[in-house]
Structures are given as C-alpha cells and as structure tokens.
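If you're wondering where the values come from, they're calculated on a predicted model, not measured in any experiment. Naming: A, B, ... by sequence-line order, numbering from 1 per chain.
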Number of protein chains: 2
Amino acid sequence: MSSNDLSFAGFSGSPGANLPALRGHNTALVLGLLRAAGEEGVSRLELAAHTGLTPQAVSKITARLRAEGLAAEAGRRASTGGKPATVLRLVPGARHAVGLHLDRDELTAVLTDLAGEAVAVRRAPLDFEAGAEQVLTTAAREVTALRAGADGSPVLGVGVACPGPLDHTTGVLHRVTGAPHWDGFPLRDALAARLGLPVVLDKDTNAAALGLAQDLPRAAGSFGYLHLGTGLGAGLVLGGSLYRGPRTGAGEFGHQTVQWDGPRCGCGRRGCIEALCLAAVARGDLPAAARALGVGAANLVELLDIDRVLLGGRTVLDHPEPFLDGVTEALTDLARTRGGTGAGGAVPVALARGGARAVADGAAELVLAPLFGARGPGPAGGPGAS
Amino acid sequence: MSSNDLSFAGFSGSPGANLPALRGHNTALVLGLLRAAGEEGVSRLELAAHTGLTPQAVSKITARLRAEGLAAEAGRRASTGGKPATVLRLVPGARHAVGLHLDRDELTAVLTDLAGEAVAVRRAPLDFEAGAEQVLTTAAREVTALRAGADGSPVLGVGVACPGPLDHTTGVLHRVTGAPHWDGFPLRDALAARLGLPVVLDKDTNAAALGLAQDLPRAAGSFGYLHLGTGLGAGLVLGGSLYRGPRTGAGEFGHQTVQWDGPRCGCGRRGCIEALCLAAVARGDLPAAARALGVGAANLVELLDIDRVLLGGRTVLDHPEPFLDGVTEALTDLARTRGGTGAGGAVPVALARGGARAVADGAAELVLAPLFGARGPGPAGGPGAS
DNA sequence: TGCACTTTGGCAACAGCGTTGCTTAAGTGG
DNA sequence: CCACTTAAGCAACGCTGTTGCCAAAGTGCA
C-alpha cells in the first residue's frame, strides 16, 4: 500500500470476500483498536485477545502497519513475571483528513490527524443559498489553505457535511429548503474534481453523530444525537455504526408527530416536534421546548432501545441546562413506566462533545471511520450452542 | 462438515476473521442466493456476478454444497450462443428447522425445510401464564412430534417466539405482563436441554419480521412490521437485517407517544399509540384505530427512512381493509408533505404474508437465517473514488 | 456437413492469508 | 545462578480465492 491508497475495510460493493478483503478487514480492526487505545497504547497480545486472532497474526499485521508508518512501538509495560509487553501506538500524524461543515451562513473547515484530533481550523462566512459556484470556490480555497498544515503527510480525503436532504451514496443534494437551485447538484463529484481528493458527503446530523460515535467506549454502543438549531434533526448510531437508511433519509426527527391534534406545522401536518419546540423557543419558554424534545427522545429510546441521548445544535448550546433537564426528566419518567429492566435506570442524556465544531469534526470522520473498521451490527443471530 | 454442524456465517463472537470465517461467509452468501433463486435456480456464473467472486471460486463452493447434499444441478438454461449454463438449486429437504410460537393461549409449531416452507404444522392450547414446567412439557411434546416429519434429515434447531420482553442474546425472559414468575427464566437453555437441540429465542414481532424479510427482493430492503393483536408491537428490518437493539428492546412501538396531552395509558404516560388504537378498536371504530396506527407508521417511515410497512396481528387480520386504508392514507399524506424526493411516491403498505402463522414461520427463520448470510448494513461509508 | 466462434465450467499451479510448532528474548523469583 | 513465566519472531503449513489454460457443448454461417 502506498501513499494515498488506504482502501482497507474490503467488502466494499460486492459482498463476496476474498483474501485481500479479509486482510483489509483485520487490518482495519487492529487500526481501530490502536486508535481507541490512544496515548496509552496496546500490546500485541491485547490486540490478539480483542480481535480473536492469534498473536502471530497480530504480529504480522502490526509489522505491516509499522512499515507504513501508521503504528509505532512506544516503550514497554511493567513486567508481570515474564518478558514485558511492548506497547504499540497509532502514529496520528501519519495521515490527515479534512472535515468541511457547510452551514447556511458559515463554513467551518478542520484538518484532523488520524486520531481525529483537529490540528487546524478555519472559518469563513458563507451564503449557502448564493449558489454552487460561490460555495465551491470558497470551499476549495479553505481546503487548500488547510492542506498546508498536513506538512507532507497524505490527506486522505474531504468529508463534507450539509444541512438539507441529500444522498450519501451518490453525493447529490436534494431540494435544500430556501435554495431550490441546489436540487440535484452533484456536490461530491464537483468538489472532488476541483480538489483532486476523494470527497464524502453526508447530512450535518449524520456527520456529528459519526464523530460522537468515536468517543464511545466500545463498538457496541447505540445512541441518538438530537440537533436543535434553526431546525431539528437527528443522527442515529445503531450497534456502533451510523444508520443512514436506504436514501440517507434516516434521522428526520423534526417532523415526528407527538401531538396529532396539535398546531399545524410548516410541513402541512400537525403536532411535529420541531414546530412545538421552535415555537416554545421563540416565546422564550425553554422548559416547554425541552419537554417537546423529551417526548421525542423517549419515543426514540423506546423504539430503538438506544443506550444514550446526546444533545447539540446552536439553540441547545446557547442554554444547555433547561434542555438537559427537560429531556432527562422525560427519560426518567420513561424508565419508571418500564419498571427498570434489570440493569434499569434511565437512559443517560448528555451534551454532545465538540460544541460548535462537532459537525466539522464529524465530517472529517466520514473519511477516517472507514479505515478503522465498519463495526456493523453482527449477524441476525445464530443458534445458541445449546 | 457433518450432520448437524452448519455453523457457517463465521464472524460470530470476536470480530477478527480467519480463513474458516471467510469460507463460511462466502458459503452462506452462495446459499442465500440459491435460496432466493428458488425453483428457478441460478447458474454458477450468475452466482459469481452477484457475489463478486470469480467463477472458479463459485465452482469450488458449489461443489462442496453439492457434496453435502445442500445444492443440486437441475437442468440447463437455453444457450445464448455458447455452452448452456447449468442451473443450480437449493435442495430444500436436506435440512429442517422448527419454529415455535408461544402465544398467551395457544402454541403453534411448524417444521420447515431449508427454503423456509412449512412441511408440517401443529397447534395446541396453551396457558402461558400457568408456569414454566407446563409450557416446557407441551413445547417439548409438540416439537418431538414434528421431528418425525423431517424424515431422517437433520433438524438444525428450534426457533422460539414469545410475546413479552426478553433477551435474545441470553435467551432469558423478562417480566412478562400477567406472568411475573417467568421473570428471569432461562427458557432457551431449559428447552435446549430437554430437546437436545440448539434453541434461539426472540420476540414474536422480531420473529415475524425476520420471516417476512425473506420475501423481499434483495438484501437492501428496510421495512417495519406492525403487529396489532392483544397489544401493539413492531419488528424492524433495517438494511436487510433484523434490528434488535442492544437489549432486544427495539420495536417497542405500542408506547410511542403521538398525543402527549392525550388520554392516560396503562403504562402511566399519555397518548400512547397502543392505548389510542385499542380504545378505538374496543368501541368498534376501526378507522380511528387505523388513523392512530397511521400516525405511528408515518413517524417510523420518517425517522428510519424505511421502504415498506407491513401489517399483521389478529386485530388487523380480522378486518384488514380499514387498517390498510388508514395507514395508506397517513403515508400518502406524509409523502405529499415531503414533496416527493425524486423517486417519490408514498411508502407502500401491505398485509404481512403468512396470516396467523407468520410468527411461527418466522421463528423457524431464527434458525435458518444465519445459514444464509447475515446481510448486515455495509460499512459506514468510504471515500468515493473521486 | 464442417468449421469458426461463444460461453460454460473444470484442472492445475499459485500467491497470500492466518495458524501451528518451535525458538529466542527478556524479565521475575527462589 | 537457574528454573520459570511471558512476549514475540521464524519457518513450515493448510487452506482460501485467483490465475492460466483447456475441455465441453452449444450456435451460426459457409
């Protein structure tokens, strides 16, 4: 593997797996564990235990990673009665990625290392509705400026996060509210052509959720990220991996009906969370907005059995407490009615890490995440070994 | 591989993949395509095209399957200018599985072949609340009686579908409403010990959804199965595979709030779909019940971007039309507000195939599905090759 | 009737994956 | 000083899908 070609993860496209795909899968798995270990590092034997591979296989894989500069030895552990274990660590600076958050009025761009840490940030005013040409020019300028910070190491690609509906698989925008001329525009390919870099496009909420997923302890986690800004949306991480749905339409949380005989929403129907929430925010009644959000969060938790709810978006970030309190109360109430299923207790609510930069950081993760293993949900379930 | 050991699908447990796992993965993939092809069969080259494997690899895999009796040659295609293709078909009778539906007042047991077709059905009255001993005895008796129908071919295992909350991974029941003594009972292991067969336990709605998933054209499908009987629940198939959530809690659809200031539900909260729905059914107003169901279905479609809604359960099966009409109307209304995203049109609604036996058929699928490939959602998405 | 062509599928040799068996490295503890 | 334990590498190996080549079995035109 040389320079920019980091297409691990195999299994892309056709489902059949051959030897290169298998190698890619295991390599990505090991890289993912190295990343999760962070500064502390991991020993080869620990990697073997976590992956289920033999120590010898891990030795070969890590030897390749070291040869490519992606991993390095970093001291030793204290002995436990025998030869002390050699600690391996990810070399974060070996590759970089760019995350681009195109919001309605502002562009945020970050250059991150392999660990997902931002090493440079740029902001610029943006009029998203002004049209493709202007946006592309601004975006290309900012990305080019950031690339200098990579300091020689390859930039793997650019992750782009946008508001409106869009198709992740094709990289095409759909009728963005307030900017109809964007409908059908192949933003991904257009930007890729300008930059000469791979580009991945996704919704802002999905990018943020993907970024937040990297903080979770293990791959098994499921959570919902609720983003309340000028609108209300959600990103869903199920079984450790981002769930986009067949048309990148999953996470349309704002128009969930929670009061079917309620006030009419801009979408034409009644009692949508977004309408209830934003109306309450407009009249300054944040607790009421939080209650509406809480009802939706409870529905989400109940329907998808998720482990955690994270809140973000400008409106929440401006006044976090009332929202945290309101949603916590709704979920506590839910837990009470469910009677505590053993491990019981309410599903925890927290503020999403990253603040205003959460989306841009997550956008970079659109490029990085595939390198570290897809961590999809397992098989539909097999016969228990009786 | 001999007799009962059909543990394909590899990748179970630890995520690291070795050669046996790879072989299992591809074998399951081919078996899945053979099953999907049904009576028509598939040629080796078609299998190669669908899996992305080379024709030679497919030849080796199918040769093994034929040696094991799981596949057979079945005539030839018409020539297209060269040597006519040999058609391969699954041999449905090579293995069997048992599906067990334990409802509150009745037991339904089916013996199915590899294709999932029922070859024998038994029903027996059951008092689920009477206690474990009685239920186990009845279940063991019925399964034993069915096994005779397998006629020498190995029975792979027993899939068991129950109402209440339970844990699929451990096979343990949780506080079933009306039968507190079941709480914590290890039904899977107890039944496996009696029968000497592998047992898989899951919720009735999950089993039904898994069964219905086999009818879908391709692996990519996502749908929600809404089951309205004595209660209201759902089974979610996302990206072609059943989504259970971390604690087998996903699909708790009945207590979704759709009218947060509505009438109080038995669960303690207000405006749950189940309460609204069942109240309407009780007073004979099926259109109103359907409207409530429709609001929930629209929420589901919007949140998870699913392709299809299927309805089932006794209450729906008794009078399908009003429910189909009501839910269709709700989804048509939703599609109108969304403005038709290109391929547009409303998400289709249909009655679940299988009628009263849908759950039992699906229970058998708990055993069969792992043999045919897990078909989980793909990686979180990689950089498009610019 | 014959021959060129196309398509299907198997045989044999091969590269490369993780595994196994064994050896070396580098500590602890009596 | 030596037995013991733990970590990690070397070499040989089994098995995977792949590649190159060839036989089988049709069509279609001369």
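When the P atom of C/dC14 is taken as reference, atom CG of A/L19 falls 17 Å away, rounded to whole Å. With rounding to whole Å, A/L53 atom CG is found 12 Å from C/dT20 atom P. Remark: P of C/dT8 and CD of B/E46 are 9 Å apart, rounded to the nearest angstrom. For the pair B/H25 NE2 and D/dC15 P, the interatomic distance rounds to 21 Å; values are reported in whole Å. Following rounding to the nearest Å, A/L47 (CG) and D/dG9 (P) show an atom-to-atom distance of 12 Å.
Within 4.0 Å (heavy atoms only), A/I61 reaches sugar-phosphate atoms of the nucleic acid but no base atom. Counting any heavy atom pair closer than 4.0 Å across all strands shown, A/L45 reaches sugar-phosphate atoms only and no base atom.
With respect to the salt-bridge test (charged N to carboxylate O, under 4.0 angstrom), the residues A/R244 and B/D305 do not qualify. Under 4.0 Å is where a charged nitrogen must lie from a carboxylate oxygen, and between B/E365 and B/R35 at least one such pair does. Of the charged side-chain nitrogens involved, none lies within less than 4.0 Å of a carboxylate oxygen, so that B/E68 and B/R95 do not count as a salt-bridged pair. Of the charged side-chain nitrogens involved, none lies within less than 4.0 Å of a carboxylate oxygen, so that B/E40 and B/R77 do not count as a salt-bridged pair.
Residue-to-nucleotide proximity on DNA chain D shows that, of A/R66 and A/N18, the 5′-proximal contact is made by A/R66. Taking the nucleotide of DNA chain C with the nearest heavy atom to each of A/N26 and B/V87, the more 5' of the two is matched to B/V87.
Under the salt bridge (charged side-chain N to carboxylate O under 4.0 Å, His left out) criterion, no residue pair touches residues 49-60 of chain B, with sequence neighbours excluded.
In this structure a side-chain-to-backbone donor-acceptor pair under 3.5 Å is present from B/H168 to B/L201.
The side chain of A/K60 lies closest to C/dG18 when the candidates are D/dT16, C/dC17, C/dG18. You'll find that the side chain of B/A85 is closest to C/dG9, out of C/dG18, D/dA8, C/dG9.
Contact between the side-chain N/O atoms of A/R44 and the OP1/OP2 oxygens of D/dA7 is not found at any separation under 4.0 Å.
Separation of atoms CG (B/N18) and OG1 (A/T54) is listed at 8.5 Å; rounding is to 0.5 Å.
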Once base and sugar-phosphate atoms are separated, protein heavy atoms under 4.0 Å mark nucleotides 19-30 of chain D, 5' to 3', with B, S and - as B----BBBS---
